[in-house]
Amino acid sequence: MDVAQVLHMKGGTTETSYSNNSLFQQKVISSTKPIREDAIACFYREANPRSLAIADLGCSSGPNTFSVSFDLIETVEKLCRDRNQESPEYMIFLNDLPSNDFNTIFKSFESFEQKVSKEVVGGSGPCYITGVPGSFYGRILPTKSLHFVHCSYSLHWMSQVPRGVENNKGNIYMTSKSPLNVCTAYYHQFQSDFSMFLKCRAHELVEGGRMVLTLLGRGNHDSSMNKYCHIWDIVAEALNVMVLEGIIKEDQMDSFNVPFYSPSSSELKLEVVKEGSFTINYLEEFETSWEVAYDEKRNGSKDYQLTQFMRAVVEPLLVSHFREAITDHLFWYCQQILACHMSKGNLVHLSLSISLTRTS
Ligand code: SAH
């Protein structure tokens with residue numbers, strides 16, 4: 001699987017798009033707002049740049065894409081008012097993999113500008129937006145060109161499926177039922193990817209620049225993934241049923257593994273310390289129920305809407321491996337399985353959020 005080519009959230013603005021099914025991720029972004037506010041305010045107070053360069057990595061497309069930029073601008077503008085200081089100009093770099101729906105982002109730029117001019121008290125400095133297609137596991141911006149990096153719910157995607165996981169039968173990522181060699185291969189892939197991510201950002205950020213990262217995680221004593229039910233657990237359960245029914249061939253299921261890893265906070269910390277370019281200001285774990293993805297104003301039952309939330313994230317990857325024709329069937333099974341987990345109350349995700357400063 002060439003991850004950089006096939007991975008993307010479901011584009012467009014239809015009923016099943018990521019844009020219409022990213023309420024869960026929006027809630028996570030809201031929960032971490034105080035961490036971002038603190039980081040950008042500390043940076044701005046110390047450095048006071050005339051042009052503030054911000055990057056949102058793995059920005060996807062939809063309402064979440066500009067919401068982070070809006071909040072950051074609002075925080076900086078409030079600081080400027082309090083200090084009786086002129087607004088800076090903003091350069092915002094929106095990055096994602098090349099198959100992301102950048103067109104939808106660009107089309108909504110005008111309404112973002114209108115929102116900023118209407119809702120940011122006292123107005124704001126000019127804002128310039130650039131789309132940056134490419135993998136954040138490589139260099140994407142010039143040396144020392146950034147002051148602030150944000151990345152939410154993207155870093156649990158790895159650059160590739162680890163090698164040597166062919167014996168992960170019946171599973172599609174690292175679970176409590178996976179053989180030891182599979183768990184080791186997944187951990188090593190995470191270590192190499194995350195340290196590469198830190199190295200690249202260390203080049204791109206100025207000294208004193210800040211970075212706030214939020215990703216799916218697992219508990220420190222949870223050696224695999226058995227406490228929290230995961231999207232991929234539900235997909236795997238549904239695929240296994242379809243193998244038993246003869247709709248999917250067993251070897252097709254066995255050769256499917258996803259480039260996904262949710263580290264524990266100690267694993268995350270260890271890589272930051274080993275890489276050495278950043279100091280950790282803050283690291284927190286928090287739980288979010290899947291049920292926040294349910295919007296009672298929309299059509300559809302809770303289990304239907306939560307299935308749509310899963311589908312917008314995982315469908316493009318599944319279509320690249322299995323036939324498109326199986327997906328409606330597959331998500332029908334997913335919905336039944338999800339309803340069963342929901343009744344047991346274990347649909348909760350653990351997230352990690354880390355705030356870092358580029359050291360000199
Ligand atoms: N930040 C948004 C989107 C999260 S979805 C939000 O919180 O709603 C995760 C996004 O990360 C997807 O759009 C996916 O394409 C992107 N992504 C995954 N791996 C990436 C990589 N290596 N480089 C850039 N973007 C990546």
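We count ligands from 1, going down the list as the structure has it; atoms in each ligand are counted the same way. Quick note: numbers below take in every heavy atom, side chains included, and nothing from hydrogens, waters or symmetry partners.
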>> With a 6.0 Å cut-off on the ring centroids, do F256 and F322 count as close?
In response: yes
>> Could you work out, for atom 10 (C) of ligand 1, the closest of S154, P316, S159, C151 by heavy-atom distance?
In response: S154
> Evaluating non-hydrogen atoms only, which member of F260, W157, F136 is closest to atom 26 (C) of ligand 1?
Replying inline: F136
>> Counting non-hydrogen protein atoms only, what is the nearest one to atom 6 (C) of ligand 1? Give residue, atom name and distance.
In response: Y18 OH, 3.3 Å
>> Only heavy atoms of I29, strictly under 4.0 Å: list the atoms of ligand 1 that pass.
In response: 7 (O)
>> Using a 4.0 Å cutoff against the non-hydrogen atoms of G134, which atoms of ligand 1 qualify?
In response: 23 (N), 24 (C)
> What is the nearest protein non-hydrogen atom to atom 22 (N) of ligand 1, stated with its residue, atom name and distance?
Replying inline: S135 OG, 3.1 Å
> Does N95 approach ligand 1 within less than 4.0 angstrom via side chain, backbone, both or neither, non-hydrogen atoms only?
Replying inline: side chain
>> What verdict does the side chain to side chain contact (heavy atoms under 4.5 Å, CB included) test give for D328 and R311, after you've listed the backbone C-alpha separation in whole Å, the side-chain angles of each residue and the deciding distance to 0.1 Å?
In response: CA-CA 10 Å; D328 282 340; R311 187 168 184 164; 2.9 Å; yes
>> With a 6.0 Å cut-off on the ring centroids, do H147 and F43 count as close?
In response: yes
>> Among all the protein's non-hydrogen atoms, which is closest to atom 18 (C) of ligand 1, and how far away is it?
In response: L7 CD2, 3.5 Å
> For ligand 1, which atoms, with element, lie under 4.0 Å from some heavy atom of Q25?
Replying inline: 7 (O), 8 (O)
> If you count the atoms of ligand 1 from 1 in the order shown, which ones are under 4.0 Å from a heavy atom of S60?
Replying inline: 3 (C), 13 (O)
>> Among D96, D101, L215, which one puts a heavy atom closest to atom 15 (O) of ligand 1?
In response: D96
>> Does either side chain, that of E204 or that of T143, offer a donor lying less than 3.5 Å from an acceptor on the other one?
In response: no
> With atoms numbered from 1 as shown, which atoms in ligand 1 lie under 4.0 angstrom from a non-hydrogen atom of Y137?
Replying inline: 22 (N)
> Does the pair R50/E86 count as a salt bridge with the N-to-O cut at 4.0 Å?
Replying inline: yes
>> Starting from V116, can I reach V76 by hopping between I/L/V/M/F/W/Y residues whose side chains sit under 4.5 Å apart?
In response: yes
> What protein heavy atom sits nearest atom 2 (C) of ligand 1, and how far off is it?
Replying inline: G58 O, 3.4 Å
> In ligand 1, which numbered atoms sit nearer than 4.0 Å to a non-hydrogen atom of Y153?
Replying inline: 4 (C), 5 (S), 9 (C)
>> Would you say the rings of F309 and W290 are close, in the sense that their centroids are separated by under 6.0 Å?
In response: yes
>> Show me which atoms of ligand 1 lie under 4.0 Å from any heavy atom of C59.
In response: 2 (C)
> Under 6.0 Å between ring centres, would you say that holds for Y173 and Y186?
Replying inline: no
>> Test your reading of the model: is there a side-chain donor-acceptor pair from S30 to the backbone of Q26, 3.5 Å cut-off?
In response: yes
>> Looking only at the aromatic ring of each residue, does the gap between the centers of F190 and F194 stay below 6.0 angstrom?
In response: yes
